[in-house]
There are 4 protein chains.
Amino acid sequence: MKTRDKILKASLALFNEKGERNVTTNHIAAHLGISPGNLYYHFRNKEDIVHAIFGEYVRHLETAFTPKDNGPTLDVLMSYLDGVFYTMWEFRFFYASLPDILARNPALHQEYFLVQTQLADRVVAILRSLREEGILAIDEESLPDLAHTVKIMVTFWISYQTTQAVEAAITRPVIYQGVLKVLFLIRPYLAEEARDTISRLEDHYRRLALRTR
Amino acid sequence: MKTRDKILKASLALFNEKGERNVTTNHIAAHLGISPGNLYYHFRNKEDIVHAIFGEYVRHLETAFTPKDNGPTLDVLMSYLDGVFYTMWEFRFFYASLPDILARNPALHQEYFLVQTQLADRVVAILRSLREEGILAIDEESLPDLAHTVKIMVTFWISYQTTQAVEAAITRPVIYQGVLKVLFLIRPYLAEEARDTISRLEDHYRRLALRTR
Amino acid sequence: MKTRDKILKASLALFNEKGERNVTTNHIAAHLGISPGNLYYHFRNKEDIVHAIFGEYVRHLETAFTPKDNGPTLDVLMSYLDGVFYTMWEFRFFYASLPDILARNPALHQEYFLVQTQLADRVVAILRSLREEGILAIDEESLPDLAHTVKIMVTFWISYQTTQAVEAAITRPVIYQGVLKVLFLIRPYLAEEARDTISRLEDHYRRLALRTR
Amino acid sequence: MKTRDKILKASLALFNEKGERNVTTNHIAAHLGISPGNLYYHFRNKEDIVHAIFGEYVRHLETAFTPKDNGPTLDVLMSYLDGVFYTMWEFRFFYASLPDILARNPALHQEYFLVQTQLADRVVAILRSLREEGILAIDEESLPDLAHTVKIMVTFWISYQTTQAVEAAITRPVIYQGVLKVLFLIRPYLAEEARDTISRLEDHYRRLALRTR
DNA sequence: AATGAATGAGATTTCATTCAT
DNA sequence: AATGAATGAAATCTCATTCAT
């Protein structure tokens with residue numbers, strides 16, 4: 001791996017573990033066994049590293065929203081949820097430090113805002129196509145509200161878990177619990193015909209979520 | 001006002017504005033026109049200030065959950081929502097910096113955990129009494145899930161808004177939008193007889209929420 | 001007791017326990033339950049307190065060297081040793097912090113120098129009178145050397161013990177061990193006739209020194 | 001010289017001159033014309049510097065106790081005394097600040113304790129071999145007492161001198177006076193045959209000690 | 001590409017001392 | 001005599017960043 005990439009990888013890991021403010025550039029360099037000077041050869045400053053990581057985060061989201069195959073919409077939804085939650089998990093430091101980071105970096109705030117808007121649109125689009133396939137029976141008026149709700153749940157589920165548990169140990173099962181929470185949100189709007197399918201899905205994720213906790 | 005209280009007030013304001021990590025003890029002292037030494041006369045260290053603010057936060061929550069009058073449960077619920085959202089707004093820095101703060105202060109983490117558990121119990125209790133009054137028609141099984149969902153929405157609504165808007169200007173209307181989001185969450189579980197009442201409530205808050213944005 | 005005296009007493013106790021540099025004026029005031037302002041009403045500054053304690057130390061030494069009764073010289077010697085060692089013990093912080101204290105206070109250094117010179121003279125005088133009584137058989141030439149040696153042992157015995165033991169617990173027996181060390185120093189110079197008397201003295205102190213350690 | 005070594009050298013000089021507690025890390029940095037940050041690049045904290053100096057002190061003692069040639073025991077003894085006294089002089093701050101330093105650093109206290117125990121053993125060993133060579137005529141019982149006495153004299157001679165003199169100017173002659181004091185301590189235990197040799201030694205050191213004072 | 005010593009601003013905290021009451 | 005809030009200088013330490021090699 002290129003040094004630049006190693007720096008990004010190590011930074012992300014350390015940020016997630018200790019919080020961005022508690023990780024110094026010397027920390028990162030020492031962790032990799034490279035010199036601080038070398039780190040600054042590859043990045044202008046610490047903010048530059050955060051910015052690059054943000055780029056990766058956006059690319060991950062893109063991937064999560066790019067359907068691999070054209071299967072049934074419900075499968076696509078689940079793949080979305082899986083992917084997005086996983087992204088949230090991989091970049092969890094980001095949500096914890098978000099206000100701090102955005103407050104001191106207006107350019108990044110602008111970018112973040114754009115990404116979030118697109119994300120919201122995508123969630124609405126998915127819900128709408130679920131309605132068109134007869135899976136959801138929701139009136140147009142409630143649709144943005146539901147989308148919004150889903151987005152908040154997806155965004156903060158990981159954050160919420162890290163502060164709730166006294167010994168923070170976020171694992172795969174916790175992610176599946178998040179997926180279940182989203183299913184719970186859309187359940188009241190399910191069309192009669194979709195109930196069975198969703199029930200089976202819930203059972204599936206419930207088993208995955210049961211490993212710990 | 002006593003200097004001690006002035007320090008707490010100024011700290012809270014600055015923390016909310018700039019994020020806890022971006023506010024130094026010198027900042028706070030300078031902001032108040034007192035010497036750094038004086039600040040340390042009233043508080044052992046910065047952590048001590050954060051801890052005192054946390055105490056105030058807990059007291060605010062208590063107050064929000066103490067019913068003023070014994071009116072109909074629905075009114076009580078609305079008063080709760082109002083109070084809790086307002087508390088979240090007043091202590092919004094807290095949620096933004098929570099992982100950092102709790103990570104470096106295990107004692108506080110423990111306290112926080114306790115408060116959160118009590119909070120969760122209270123939300124469940126309120127939902128249950130709404131069901132007993134015939135306002136909610138929800139099966140016992142789904143009740144904790146709904147409570148959990150409501151709690152996450154209440155906890156992160158303000159956080160979410162501060163990062164979503166490019167120029168962060170959280171105002172009263174934003175709080176009412178949060179109240180509306182919670183009403184949206186419980187709407188699918190409303191008993192037929194309660195629909196009208198809730199509709200009127202929604203209209204009421206929709207008007208309050210419309211002032212800006 | 002007058003507040004002034006209470007301050008001196010508490011300061012001495014705290015200095016001995018924690019070292020002069022580790023005891024703040026606020027510490028002393030808090031320990032006594034008085035205000036820092038009050039402390040400064042009674043003493044111009046911290047140095048003033050140290051200076052006053054030094055005065056007490058000198059007065060203690062005077063007392064230790066003032067023979068109560070005109071018994072046999074040997075008894076007087078033992079009473080001296082007892083008193084002086086006890087003074088060293090009561091003001092032990094002084095020896096630990098001496099170079100620091102004297103370095104920043106030339107006036108005190110001058111006074112200290114004077115007291116030490118007088119002390120040396122007194123030790124010489126005692127040894128000389130022991131010789132005149134036929135207890136010591138020492139030539140005039142060696143007398144100052146012996147006096148000097150005794151003085152060093154008396155001065156540093158307590159200091160030495162505090163650093164040698166890992167858990168510092170200086171007790172009465174340790175003082176008697178110091179007395180024994182001085183007897184060991186003068187033993188080679190004893191007149192034949194005095195051997196028995198000294199032996200009995202040694203036995204006496206050996207018993208007292210045996211309580212611990 | 002490496003910066004690290006320069007820091008150690010300057011710290012030792014300043015500690016000796018002003019007392020460890022009166023020398024700040026800023027002092028040291030300013031004295032060397034380097035930035036405070038640079039000092040902390042080479043040492044974790046002030047304690048770390050003190051600890052490194054302690055290491056040097058131990059190494060000096062080792063050297064002083066490593067006989068260069070296998071000459072007569074008496075010569076070896078004198079070389080020991082010379083070396084040890086010189087070490088005491090070079091690290092004199094240490095003895096002055098010892099109680100403070102050890103009190104706040106239990107790990108160092110432990111190390112110090114070990115070194116002191118080894119030192120005591122070595123002094124006993126030297127005295128014993130002097131007896132075996134017929135230089136000392138001392139009974140086994142008194143041997144530890146004499147060793148102890150010698151050790152106290154060696155340990156505190158420099159300390160004593162710095163506080164006794166109003167203008168502290170410890171010079172080589174003062175060290176030779178210390179050597180003479182030790183010779184005075186062992187003189188009463190000399191075998192008849194060794195008297196002459198020791199007398200000549202005393203004369204030799206007396207000349208060296210006479211330069212000043 | 002990479003090293004690593006060095007910088008300097010600034011953060012947290014301490015503490016002797018003052019002063020209005 | 002006494003209070004206690006307040007000061008301000010200074011001490012320890014951190015860390016993003018630079019730069020000669």
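Just so it is clear: chains get the letters A, B, ... in the order the sequence lines come, proteins before strands, and each one is counted from 1.
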Between atom [atom1] in [X] and atom [atom2] in [N], what is the gap in whole Å?
X	N	atom1	atom2	result
C/Asn45	F/dA9	CG	P	19 Å
D/Tyr41	F/dC19	OH	C1'	13 Å
C/Leu39	E/dC19	CG	P	17 Å
C/Ile7	F/dA2	CD1	C1'	11 Å
C/Phe43	E/dC15	CZ	P	20 Å
C/Ile49	E/dC15	CD1	C1'	13 Å
B/His42	E/dT13	NE2	P	16 Å
B/Glu47	E/dT12	CD	P	11 Å

Determine: side-chain N/O of [X] to OP1/OP2 of [N], distance under 4.0 Å, yes or no.
X	N	value
C/Thr3	F/dA2	yes
B/Asn38	F/dA5	no
D/Tyr40	F/dT14	no

(Q) Among residues 8-35 of chain D, which ones have heavy-atom contacts with DNA chain F below 4.0 Å? (A)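 D/Thr24, D/Thr25, D/Asn26 - these, ordered by number, are the residues of the stretch whose heavy atoms sit under 4.0 Å from the strand.
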- Salt-bridged, A/Glu20 to A/Arg104, with N to O below 4.0 Å?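 A salt bridge is present here (some side-chain N lies under 4.0 Å from a carboxylate O).
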To the nearest 0.5 angstrom, please state how far the [atom1] atom of [X] sits from the [atom2] atom of [Y].
X	Y	atom1	atom2	result
B/Asn22	B/Phe93	CG	CZ	12.5 Å
A/Tyr40	A/Ile7	OH	CD1	10.5 Å
B/Leu14	B/Leu32	CG	CG	8.0 Å
D/Asp5	D/Glu56	CG	CD	7.0 Å

Exercise. Do C/Ser97 side-chain atoms and C/Asp100 backbone N/O form a donor-acceptor pair below 3.5 Å?
Worked result: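 It does not hold such a pair.
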What pair of heavy atoms forms the shortest contact from A/Ala29 to A/Leu39, and how long is it?
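Heavy-atom minimum between the residues: N-CD1, 4.1 Å.
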Checklist entry - C/Phe43 versus C/Thr25: any side-chain heavy-atom pair under 4.5 Å? => result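 No - every pair of side-chain heavy atoms lies 4.5 Å or more apart.
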*Parallel, tilted or perpendicular, as decided by the 30° and 60° cut-offs, for the rings of D/Tyr112 and D/Phe94*: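 D/Phe94 vs D/Tyr112 ring planes: tilted.
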Given Watson-Crick and G-U pairs under 3.5 Å, DNA chain F in dot-bracket ([ ] crossing, | other strand) is .||||||||||||||||||||
